[in-house]
Amino acid sequence: MKIVYWSGTGNTERMAELISQGIKDSGKDAELINVSDVDESSFLEEDVLILGCPSMGSEVLEETTFEPFIESISTKVSGKKAALFGSYGWGSGEWMEDFKNRMIDSDCEVSIDPLIILNEPDDYEDDCIEYGKKIAAL
Ligand SMILES: Cc1cc2nc3c(=O)[nH]c(=O)nc-3n(C[C@H](O)[C@H](O)[C@H](O)COP(=O)(O)O)c2cc1C
């Protein structure tokens, strides 16, 4: 499974690492890919799109790399499953609600709730690992 993420200060990256641990604990492969390095066509061969981005700007996805990537894949993800995650600092989680609705509008199935964590995931490592296990079972 491929986990594509953006992270400025490492919190979402740490979530991605823990999620990958959960996937591996379930006996599946997991590959971490910074969105700057992603090969779009090979990512789109996946049945489950695992995507992580923190809340940036004002309750939006990171605008330079991650947002254009999501825009680019939006017409090519119909029928796939999506699992979404990210860290935030002070908001209500609105950015992730919008991200989820956007994936649903692109005909993705978002059957497990996105995982959002306030700042560093240090106190929520088990939640991230469990989330990885849920993703592996999709
Ligand atoms: C430029 C900037 C804008 C941000 N905007 C928001 C925001 O609108 N809402 C929010 O909850 N957190 C916001 N944050 C806080 C980040 O989401 C938070 O620090 C998060 O842990 C960063 O994750 P990362 O370490 O993966 O980059 C913002 C942070 C930065 C640097």
Side-chain angles (χ1 to χ4, degrees):
M1 307 187 96
K2 294 183 174 167
I3 304 173
V4 172
Y5 68 92
W6 183 93
S7 185
T9 55
N11 296 331
T12 303
E13 182 171 55
R14 181 72 189 132
M15 289 178 75
E17 288 166 0
L18 293 160
I19 289 167
S20 98
Q21 189 183 320
I23 293 171
K24 288 177 183 165
D25 287 351
S26 301
K28 295 202 171 168
D29 286 335
E31 184 186 352
L32 295 173
I33 306 170
N34 189 301
V35 68
S36 317
D37 303 324
V38 68
D39 178 72
E40 184 183 299
S41 57
S42 83
F43 181 61
L44 290 174
E45 286 168 14
E46 299 286 308
D47 296 329
V48 183
L49 306 177
I50 313 171
L51 293 161
C53 183
S55 180
M56 296 297 287
S58 178
E59 295 297 325
V60 292
L61 299 171
E62 185 275 327
E63 290 171 283
T64 307
T65 330
F66 197 85
E67 167 60 38
F69 177 65
I70 296 303
E71 187 58 30
S72 168
I73 65 171
S74 65
T75 54
K76 307 164 195 163
V77 296
S78 177
K80 293 187 182 290
K81 297 174 182 177
L84 313 176
F85 65 95
S87 172
Y88 68 105
W90 52 80
S92 60
E94 186 187 331
W95 106 101
M96 187 56 81
E97 201 54 33
D98 291 346
F99 187 18
K100 174 182 160 184
N101 288 332
R102 192 166 160 189
M103 295 308 286
I104 292 169
D105 287 347
S106 300
D107 281 331
C108 263
E109 185 190 340
V110 187
S111 59
I112 49 174
D113 279 340
L115 179 66
I116 68 171
I117 285 181
L118 182 63
N119 299 317
E120 307 81 18
D122 300 17
D123 292 337
Y124 302 96
E125 292 194 344
D126 289 347
D127 295 292
C128 295
I129 294 168
E130 283 308 310
Y131 195 63
K133 290 180 183 171
K134 276 195 207 169
I135 292 170
L138 282 174

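As the structure lists them, so they are numbered: ligands from 1, and atoms in each ligand from 1.
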Between L44 and V77, is there a side-chain heavy-atom distance shorter than 4.5 Å?
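Yes, at least one pair of side-chain atoms sits under 4.5 Å.
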
Using side-chain heavy atoms (C-beta onward) and a distance below 4.5 Å, is I117 in contact with C128?
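Yes; the side chains approach each other to less than 4.5 Å.
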
Cluster question for you: counting only ILVMFWY and a side-chain heavy-atom cut-off of under 4.5 Å, with indirect links fine, are F43 and F85 together?
no

To the nearest 0.5 Å, how far apart are [atom1] in [X] and [atom2] in [Y]?
X    : Y    : atom1 : atom2 : value
L138 : I112 : CG    : CD1   : 4.5 Å
I70  : L51  : CD1   : CG    : 4.5 Å
M96  : N101 : CE    : CG    : 11.5 Å

Please write down residue, atom name and distance for the protein heavy atom closest to [atom].
atom                    : answer
atom 12 (N) of ligand 1 : G89 N, 3.0 Å
atom 11 (O) of ligand 1 : G91 N, 2.7 Å
atom 21 (O) of ligand 1 : S87 OG, 2.6 Å
atom 8 (O) of ligand 1  : E59 N, 2.8 Å
atom 17 (O) of ligand 1 : S55 O, 2.6 Å
atom 25 (O) of ligand 1 : T9 OG1, 2.4 Å
atom 19 (O) of ligand 1 : N119 OD1, 4.3 Å
atom 5 (N) of ligand 1  : G57 O, 3.1 Å

side-chain hydrogen bond (donor to acceptor under 3.5 Å, both in side chains): pairs with one or both residues in residues 76-100, sequence neighbours excluded:
E40-K76

Look at the side chain of Y131 and the backbone N and O of D113, then say whether any donor-acceptor pair between them is shorter than 3.5 Å.
yes

Of the choices [options], which has the non-hydrogen atom that lies closest to [atom]?
atom                    : options            : answer
atom 2 (C) of ligand 1  : M15, M56, E62, E94 : M56
atom 18 (C) of ligand 1 : Y88, W90, W95      : Y88
atom 26 (O) of ligand 1 : G93, S7, G52, S58  : S7

Using a 4.0 Å cut-off to any heavy atom of G8, which atoms of ligand 1 qualify?
24 (P), 26 (O), 27 (O)

Can you say whether the rings of F66 and F99 are parallel (under 30°), tilted (30 to 60°) or perpendicular (over 60°)?
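Plane angle over 60°, so perpendicular.
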
Would P54 count as a polar contact of ligand 1, with the cut-off being nitrogen or oxygen pairs under 3.5 Å?
no

